[in-house]
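A short write-up of the structure that comes next.
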Amino acid sequence: MRSRKLTLTPFLIVIVGLLTVCPVLMLVLGSFSRGFGAFGQFTLEKYAAAYTDPAFADILVNTLIFTVGSAMVATALALFLAYMNTRTDIPFKFLFGVISIIPMMVPHILFAVSWLLLLNPSNGILNRLIMQLFGLENSPFNIYTLPGMILVEGLLDLPIAYLIIAPAMSAFDVSLEESSKVCGASTLKTLARVTLPVLRPAILASAILVIVRSLASFAVPSIIGMPGRKYVLSTHIYRTISTGFSADYGKAAAIGMSALAASIVLIYLYRYLTSESSRYVTISSRGFKPALIELKGARYPLFAIVGTLSFVLIVLPVIVLFYTSMLPYVMVPGERAFQLMSWKNWVEVLKDPISLLALKNSVFLGVAGATLGILLSIFVSYVIVKVRTVGSGILESLSFLSFSFPGIVIGVGFMWFFVRTPLYATIWALLIGYIATYLPYGIRPLTSAFIQIHSNLEESSRVCGGSPWYTMRRIVIPLLIPGIISGWILMATMFVRELTLSVVLSRPGSEVLAVQILRYAEDGLWGRLSALGIIMIFFSSTLVIAASLLGKKLTRMRVM
């Protein structure tokens with residue numbers, strides 16, 4: 001058995017290493033190559049061209065403002081919502097907790113589009129409504145700005161910040177605050193001098209992780225930033241490879257190296273901060289009291305604020321998407337709008353051969369890709385948790401490497417990787433790229449599930465004569481079903497809505513839903529875009545519901 005484990009570990013290191021390290025190596029080689037596929041002719045011309053571009057300084061400044069601003073919006077909102085939901089007696093707190101993570105379930109490109117439909121300065125529904133109500137001549141809001149991008153990206157990253165801050169907030173020992181108040185400090189002073197400093201690791205970790213995700217973001221910068229000529233690193237790379245007569249992949253790789261370096265530094269900082277968390281422990285063997293703060297008279301006014309905030313910022317954009325799909329063009333709700341409503345956009349989308357091909361490809365990638373990805377995740381998680389050697393430590397580092405890389409940058413690396421293979425410009429290139437990029441989403445729930453299975457169960461099976469495969473099939477896998485289902489759902493939903501990697505690797509014949517939606521947005525076909533977006537949400541939800549039902553059925557069979 002031990003020899004099998006020793007054989008499995010290097011085999012998995014090779015597989016995962018090929019998936020995660022090779023694109024990075026190809027990116028480095030590509031940035032020094034003269035032309036696409038012309039390896040061996042190295043030059044610094046691409047770096048010189050990329051970093052002496054007069055527009056590059058503005059792009060760096062925009063990227064800095066966009067990422068830091070998004071982190072501030074997401075962290076501040078998450079802090080407020082987490083405080084209300086975990087520390088106070090505000091009504092319907094469970095509902096607010098669910099609403100806080102809704103943006104994670106909606107594809108990012110659709111979320112960005114819905115806000116564009118609301119706050120477009122020329123015909124945005126919310127802008128036109130406010131102008132009619134208050135008799136204004138000009139639109140009060142313009143989404144095509146850096147603050148507009150920051151608002152939408154901050155809302156999209158809110159679930160990441162909330163899921164980091166809320167557990168730390170709920171585990172906070174309220175006796176520390178009570179001691180501060182007994183010593184005469186006001187509520188505000190207690191918040192500033194006691195609560196926030198203790199939560200500092202969670203707040204900083206949340207902010208850094210949001211900066212990393214916004215650095216990798218492509219949906220918001222492409223849908224909102226590009227029409228307003230506000231470019232960041234991801235859209236600058238996209239412009240480099242998608243405009244002009246011949247795409248300059250070498251220059252795109254050289255630009256991508258700066259995003260890659262920034263991302264690696266930020267992830268290192270994140271790990272350092274989370275490793276220092278023991279200094280801020282508040283729950284010990286004595287004295288922990290998870291008490292709630294009574295809001296008293298402020299209970300319902302604060303409930304109204306949180307409810308309005310949740311509806312306007314999260315629920316309203318999703319409703320707008322369905323409303324727009326029924327109209328010939330974007331307009332304010334009214335009698336004329338309801339008279340013009342029809343299923344025309346839906347019919348046109350369902351008759352469009354490219355949209356149907358994109359739908360078919362996305363469903364295939366979601367089902368087949370998630371299944372292959374979860375199979376690989378089972379073996380990787382098993383080695384990480386159960387084998388525990390130097391090799392398993394290397395495998396764990398390799399498997400989480402891709403999480404820190406911006407998708408569009410790794411997409412360029414994969415482009416160089418596939419260019420001389422039959423996989424280039426096929427759907428299989430997308431499949432491999434998706435699994436490599438989203439492998440951590442399958443591994444994380446499975447490692448948690450493996451940790452809960454004691455080794456005695458496997459040893460008992462072997463003592464009774466069970467082979468390793470029999471033990472895995474009859475003992476380990478049935479106990480892993482909840483983790484397998486969670487990992488599969490995460491990977492399938494990510495694959496169906498994937499955009500950043502797809503815009504680089506997708507070619508005619510291998511279109512996917514997110515890329516087709518981006519094309520509709522570039523052509524201004526908002527009705528068709530909204531209809532296709534609702535179809536995308538429908539298929540994502542169907543996959544989630546089907547997987548959940550299958551998981552419940554398998555779990556029931558295991559119990560029987």
Side-chain angles (χ1 to χ4, degrees), residues 23 26-27 30 35-38 107-110 113 218-219 222-223 226 234-253 256 345-369 372 407-438 494-533 535-536 539:
M26 297 308 293
L27 188 76
F36 194 44
H108 287 192
I109 188 169
L110 296 179
V113 166
F218 179 72
S222 62
I223 294 293
M226 287 176 72
S234 60
T235 45
H236 186 49
I237 293 171
Y238 177 67
R239 274 199 310 166
T240 307
I241 60 176
S242 64
T243 55
F245 292 105
S246 59
D248 194 341
Y249 289 98
K251 186 179 174 184
N345 290 316
W346 291 76
V347 173
E348 287 177 348
V349 164
L350 293 174
K351 284 184 177 177
D352 180 18
I354 298 178
S355 296
L356 291 177
L357 179 64
L359 179 63
K360 178 184 162 189
N361 287 340
S362 287
V363 172
F364 169 75
L365 288 168
V367 175
L372 290 173
I408 197 162
V409 175
I410 290 303
V412 175
F414 271 116
M415 181 69 77
W416 286 94
F417 186 50
F418 291 131
V419 66
R420 289 187 176 178
T421 69
L423 294 172
Y424 179 69
T426 65
I427 197 168
W428 304 107
L430 286 165
L431 185 77
I432 295 170
Y434 283 9
I435 292 173
T437 306
Y438 295 98
M494 292 286 175
F495 289 5
V496 170
R497 75 185 198 190
E498 215 289 329
L499 173 66
T500 52
L501 201 69
S502 308
V503 293
V504 182
L505 295 178
S506 179
R507 290 289 179 274
S510 61
E511 290 93 346
V512 292
L513 279 176
V515 173
Q516 183 64 3
I517 285 174
L518 182 64
R519 287 177 184 166
Y520 278 148
E522 289 172 346
D523 294 338
L525 300 171
W526 303 113
R528 290 191 198 181
L529 180 153
S530 302
L532 191 59
I535 292 171
M536 179 195 269
F539 275 97

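What you see below is based on every heavy atom in this structure, not just the backbone, and it leaves out hydrogens, waters and symmetry mates.
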[X] [atom1] to [Y] [atom2] distance, which is reported to the nearest 0.5 Å:
| X | Y | atom1 | atom2 | value |
| --- | --- | --- | --- | --- |
| Leu499 | Ile223 | CG | CD1 | 7.5 Å |
| Thr500 | Phe218 | OG1 | CZ | 8.5 Å |
| Ile432 | Leu372 | CD1 | CG | 10.0 Å |
| Leu501 | Ile410 | CG | CD1 | 8.5 Å |
| Asp523 | Leu529 | CG | CG | 10.0 Å |
| Glu511 | Ile427 | CD | CD1 | 10.0 Å |

Search all heavy atoms of [X] against all heavy atoms of [Y] and return the closest pair with its distance.
| X | Y | result |
| --- | --- | --- |
| Ala514 | Arg497 | CB-O, 3.7 Å |
| Ile109 | Leu518 | CD1-N, 3.8 Å |
| Met26 | Trp416 | CE-O, 3.6 Å |
| Tyr520 | Ser355 | OH-OG, 2.9 Å |
| Leu505 | Met415 | CD2-N, 3.9 Å |
| Ile237 | Gly256 | CD1-CA, 3.8 Å |

Practice item. Return the set of residues passing side-chain contact (heavy atoms from CB on, under 4.5 Å) with Ala436 (not counting sequence neighbours), or none when no residue passes. Key: Leu19, Phe414
**Study point:** For Ser362, all residues meeting side-chain contact (heavy atoms from CB on, under 4.5 Å), sequence neighbours excluded
**Key:** Val512, Leu513
Are [X] and [Y] side-chain neighbours, meaning at least one heavy-atom pair lies under 4.5 Å?
| X | Y | result |
| --- | --- | --- |
| Ile435 | Phe495 | yes |
| Met536 | Ile517 | yes |
| Trp526 | Val113 | yes |
| Ser510 | Thr426 | no |

Point to revise | Side-chain donor-acceptor pair present, Tyr249, Thr240, cut-off under 3.5 Å | key: no
Point to revise | Residue list, salt bridge (Lys or Arg N to Asp or Glu O under 4.0 Å) with Glu522, at least two apart or on another chain | key: none
Exercise for review: Go through the structure and list residues passing salt bridge (Lys or Arg N to Asp or Glu O under 4.0 Å) with Arg507, not counting sequence neighbours.
Suggested key: none
Practice item. Applying side chain to side chain donor-acceptor pair (under 3.5 Å), name anything that partners Ser502, two or more places apart in sequence or on another chain. Key: Tyr434, Glu498
**Study point:** side chain to side chain donor-acceptor pair (under 3.5 Å) partners for Thr437, two or more places apart
**Key:** none
Check your understanding: Which residue pairs pass the salt bridge (charged side-chain N to carboxylate O under 4.0 Å, His left out) test with at least one member in residues 347-358, sequence neighbours excluded?
Key -> Glu348-Arg528
Exercise for review: Sequence neighbours left out, what passes ring pair (Phe, Tyr, Trp, His ring centres under 6.0 Å) with Phe539? Give chain and number order.
Suggested key: none
Exercise for review: Would you confirm whether Thr421, through its side chain, and Phe418, through its main-chain N or O, come within 3.5 Å as a donor-acceptor pair?
Suggested key: yes
Practice item. Evaluate the criterion side-chain contact (heavy atoms from CB on, under 4.5 Å) for residue pair Leu350 and Ile535; output intermediate values, then yes/no. Key: CA-CA 10 Å; Leu350 293 174; Ile535 292 171; 4.0 Å; yes
